[in-house]
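Remember, it's 1-based here, ligands and their atoms both numbered in the order they're listed.
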Amino acid sequence: MAEKILVLGACGQVGTELVENLQKIYGAANVIASDIRKSESAVFQNGNFEILNVLDKAQIANSFGKHKPTIVYHLAALLSATAEENPKFGWELNMDGTFNIFDACLEYGVKRIFWPSSIAVFGPTTPAVLTPQSTILEPNTIYGITKLAGERYCEYYNARYGLDVRSIRYPGLIGWKSLPGGGTTDYAVDIFHQALKTGTYTSFLNDSTTLPMMHMEDAVRATLEVTNAPSDKIKLRSSYNIAGTSFNPEELATAIRKHIPNFTLEYAIDSRQNIADSWPDSIDDSVARKDWGWNEKYQLEKLVANMLENIQSTNAFKG
Ligand code: SER
């Protein structure tokens, strides 16, 4: 049977690039992108798009009934910084949205669902270097709390109802085709656009804030690989650690200066520093490597060269 793919929260940073890849793999006619509003990106002009709010059960029933998706990617959520501004809504969207979509997946017989977790499940008491798969999980942001609860919920729905759910803990994601919105790691995308446009950037995280990061191409590939792996390879039904590379703003600036020698980095620290300080420096992803063959392609230098080259050639920094 041909697959029918439904992506919720499709217009975000991950969704935009994921939908583009899914259209290539399954054909645009078999991919339905949905979000609370349509973005300008060409990806959504060329394929199926519908307005869908994951808090609206009637809209969900209508969409699942109409399309009968076989694979669902549920990406609708508030990220860390935005959720801190409105914790009650952060909880509501991230949790009730997940409850609604998981129930619809069971009711409409969806074969597989992908649900994204984050390095935000870790907190100040977690070992920060090469953070293990199973470790202390005491997040102190509302976003991290929803991601941890969501992971537990994934495992529960798999064990109790047999929902074939797959998940990875995304690090900060860095791509040139889409912009992040409301995250703590957003500086690591913005810095490339500003470096090309103005030659300078003001970072809201301090120079030594090392965080796990990943090129979007790796992240999309990880998402597709974990979702399409044979079920018996997915031994963890909570969420897998995956790692790409790790760096701090100063190290990123040094790598950018290899291409733009006069690039300057300044600092104006804001409340996102507290969030970043609670997250690990680097991730041990050996379980994902063993279970389903995860392997990253981008380390810092390659990531920087790729970002600068693509932003420049698409003139994205002028926008
Ligand atoms: N990049 C995300 C954020 O900063 C982490 O999941 O919120």
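With ligand atoms numbered from 1 in the order given, ligand 1 contributes 3 (C), 4 (O), 5 (C), 7 (O) to contacts under 4.0 Å with heavy atoms of Trp279. Residue Gly183 approaches ligand 1 through these ligand atoms, each under 4.0 Å from one of its heavy atoms: 3 (C), 4 (O), 7 (O). Close approach of ligand 1 to Leu79 (heavy-atom distance below 4.0 Å) involves ligand atoms 7 (O). Proximity to Thr184 (heavy-atom distance under 4.0 Å) selects the following atoms of ligand 1: 3 (C), 4 (O), 7 (O).
Atom 6 (O) of ligand 1 has its nearest heavy-atom neighbour, among Ser118, Pro116, Ala276, in Ser118.
When each of Tyr156, Tyr157, Tyr153 is checked for a ring-ring contact (aromatic ring centres under 6.0 Å, His included) with Phe99, only Tyr153 meets the rule.
By the 6.0 Å contact criterion, NZ on Lys66 is enclosed, its count of non-hydrogen atoms from other residues, nucleotides or ligands being greater than 12.
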Give the intermediate values and the outcome of side chain to side chain donor-acceptor pair (under 3.5 Å) for residues Thr209 and Gln273.
-> CA-CA 8 Å; Thr209 309; Gln273 184 68 49; 2.9 Å; yes
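Checked against a 3.5 angstrom limit, the closest N/O atoms of Ser80 and ligand 1 fall inside it. Considering both main-chain and side-chain atoms, Asp186 never comes within under 3.5 Å of ligand 1 through any nitrogen or oxygen pair.
The nearest heavy-atom contact from the protein to atom 1 (N) of ligand 1 is Thr185 OG1, 2.8 Å.
Side-chain atoms of Thr141 come within 3.5 Å of backbone atoms of Gly144 as a donor-acceptor pair (strictly under, hydrogens ignored). At distances below 3.5 Å, at least one donor-acceptor pair connects side-chain atoms of Ser282 with backbone N or O atoms of Leu130. With hydrogens and angles ignored, the 3.5 Å screen pairs a side-chain donor or acceptor of Asp35 with a backbone N or O of Cys11.
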